[in-house]
Amino acid sequence: MQELDAVLTSLVHEVFGRDEAPELARPDEQFGDYATNVALRLAKPLGKNPREVADELAAKLRETLGAKAKDVAVAGPGFINVTLSDAALAAHAQQAPNLKPQTYQGQVVVAEYSDPSAFKVLHAGHLYTSVVGDAVANLVEAAGGEVHRVNFGGDVGLHVGKTMWAIMQVLGGENPDKLNDVPQDRHADWMAECYVKGEQAYGDNETAKAEIVEINKRVYQVHAENDHDSPFARIYWTCWKWSYDYFDAFYARIGSHFEKYYPESVTIPVGLKTVREQLAKGVYQESDGAIVFKGEPFGLHTRVFINSQGLPTYEAKDVGLIMMKWDEYHFDRSIIITDNAQAQYMEVVVKSVEQFAPELAQHTTHLTHGRVKLAGGVKMSSRKGNIVRAVDVLAAANEANKKAGHDDEASALSAVKYAFTKTRIGSDIIYDPEESVSLEGNSGPYLQYAHARARSIINKAGHAGGELGDLDTNERSLARKISEYPEVIQRAVDELMPHHVCTYLYELAQTFNRFYELAKVVGNPREATRLKLVELYADVLKNGLSLLGIAAPEKL
RNA sequence: GCGCCCGUAGCUCAGCGGAUUAGAGUACUUGGCUUCGAACCAAGGGGUCGCAAGUUCGAAUCUUGCCGGGCGCACCA
């Protein structure tokens, strides 16, 4: 709570002459609404007994807060527990659903995530990173940021060479017209199968490998020469289009919206130019015919940015991307979300950029997450490349949902989104389809149900709730929990960690259920107050879920 | 070998700029619907917070060292 925070800060300054930022915590309900341990922190530098410090501060706090506090108590080794008056708590709760952090107010933020490779299949990780990325972007947006959601991806590179090689095997050479034989609804799968063939050939067959390397170079040439007419280029661009159509369809399906794609082919010229310029200035260096950045002086490792054939690696493409994002948005913050396998790689890239454009590097945040594993394992098909595809995860969710008697993709998708966002970003997650669609326990569908149930009470009442005033014990518990919402969002924004929202929403629902269990709303002598609480509760649920990209229908 | 991340209840996870009694979900046991949507609620069992030291009045949380797992370390993305 901002007000309490400010009061405490100034009291600490006034009474003890120290500029200590007091931390306000939400303690166990029995201890009060807020707790702070400043006294314990202050005791040592002041050379005083923590209880004494706490007593002194508590007395001042009591005096300052006046009627706003019902109780200011010192407990344990020197905690100060504050219990707000009902009126103060009520006021706080009433503005909770719409109170938003201002952290990114007036700032331009570029959020880059998902990053699929053209000519390849979307796997489970793309689904995960898209869901998490959306949630992070939503948080920043809620905190006032002007968010631009962008998507990077490899439409050139060895993987394209592999797919193109296999495509031409299947077409019997450079026969773009034969692509017409591939049915529209098979485009994506057909290319995925080609990639697997190319990948296998690259590993097993020296001749094929040499051909793929050659094809890879030709793809770069197609871009360099802006070739759209040669048979080879026509195959490439047709399949390129198929890939991006496939991505668009997928994002539409999961409700992700990107402002733009940055295919690597467009970042390459900028990347090459930048790296070469900075090679001249000594940021990058030549080594064995390649152009590298030596990370060792910074405690990092060396990476190749332009290989000895003169082709840009992922590193140079990423440098180009960073420069382009800066040119186009002049961002205050650039957030890049990827698998954590890229953590150290990205450190090197950003460190290299920091050498010639420190402000870009300083305004870049790399958020990394783990991998998705399916609970109980999945049957993998080598024909499909030994990976769990994004559609496989959605299919598993849909299947589990059907088994539970709910046959609609929207609810299955909500289940997946919640399951993906409810754990802290960083570690691998284990996705259990059945648990995710379950209406019991900490799941997306459960919260949707909780919301619908609250709306149903509101509908039954047929009128709006009144203003909150005095509160009985259960009402107070619910109001207290509702009042936490802005603090939770603030924390989620500060840490860029959407799981805090999930944890909170579930706790809130539990608090509500206790409230709901103990006394009726409609027809209760305290109906006006209770109904208002139901409204606030439903609004918080709806707003919180929307941050996670999950809809809150009125009815299920 | 070096570097990064991770190890909390049977399982899945919160808690981690130290602090009031380590929490949820799930699974298991029990009780509660003629009552606003019981998809819920109440109660119970279940934890050497990987191990060991250190810092501290106080450590799941900070430091160091082990052990275990994941990932990364030059021309892939």
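So you know, we letter chains A, B, ... as the sequences are listed, proteins then strands, and number each from 1.
Distances from the side chain of A:H301 to the nucleotides B:G70, B:G72, B:C40 place B:G72 closest. Of the candidates B:G15, B:G25, B:C71, the closest approach to any side-chain atom of A:Q344 belongs to B:C71. For A:Y506, taking side-chain heavy atoms from C-beta onward, the closest of the listed nucleotides B:U12, B:U20, B:A24 is B:A24. Here B:U12 is the nucleotide among B:G32, B:A77, B:U12 with the atom lying nearest to any side-chain atom of A:E435. Of the candidates B:C41, B:G15, B:A74, the closest approach to any side-chain atom of A:Q510 belongs to B:C41.
Among the atoms of the strands shown, base atoms are found under 4.0 Å from some heavy atom of A:S308.
Nucleotide B:U56 holds its C1' atom 13 Å from the CG atom of A:L40, rounded to whole Å. Distance, A:I429 CD1 to B:C11 C1': 16 Å, rounded to whole Å. If you measure from atom CD of A:E440 to atom P of B:C28, you get 11 Å, rounded to the nearest angstrom. Rounded to whole Å, atom P of B:G3 lies 13 Å from atom CG of A:L300. Atom CD in A:E264 sits roughly 7 Å away from atom C1' in B:A77 (whole-Å rounding). Between the CD1 atom of A:I387 and the C1' atom of B:A77 there is a distance of 14 Å, given to the nearest Å. Protein atom OH of A:Y431 is 21 Å distant from nucleotide atom P of B:C11, rounded to whole Å. Note: CZ (A:R303) to C1' (B:G72) measures 8 Å, nearest angstrom.
Residues A:T338 and A:H366 have side chains that bring a donor and an acceptor to within less than 3.5 angstrom of each other. No side-chain donor from either of A:H451 and A:R453 sits under 3.5 Å from a side-chain acceptor of the other.
The base of B:A74 lies close enough to the side chain of A:S287 for a donor and an acceptor atom to sit less than 3.5 Å apart. The base of B:U21 lies close enough to the side chain of A:Q30 for a donor and an acceptor atom to sit less than 3.5 Å apart.
By the 6.0 Å and 45° rule, A:R371 does not stack over the aromatic ring of A:Y128. Remark: A:R530 qualifies as a cation-pi partner of A:F515 under the 6.0 Å distance and 45° angle criteria applied to the six-membered ring.
For A:F250 and A:F247, the gap between ring centers reaches or exceeds 6.0 Å.
Using a 5.5 Å limit on the distance between ring centres and a 30° limit on the angle between planes, the aromatic ring of A:Y516 counts as stacked on the six-membered base ring of B:C36.
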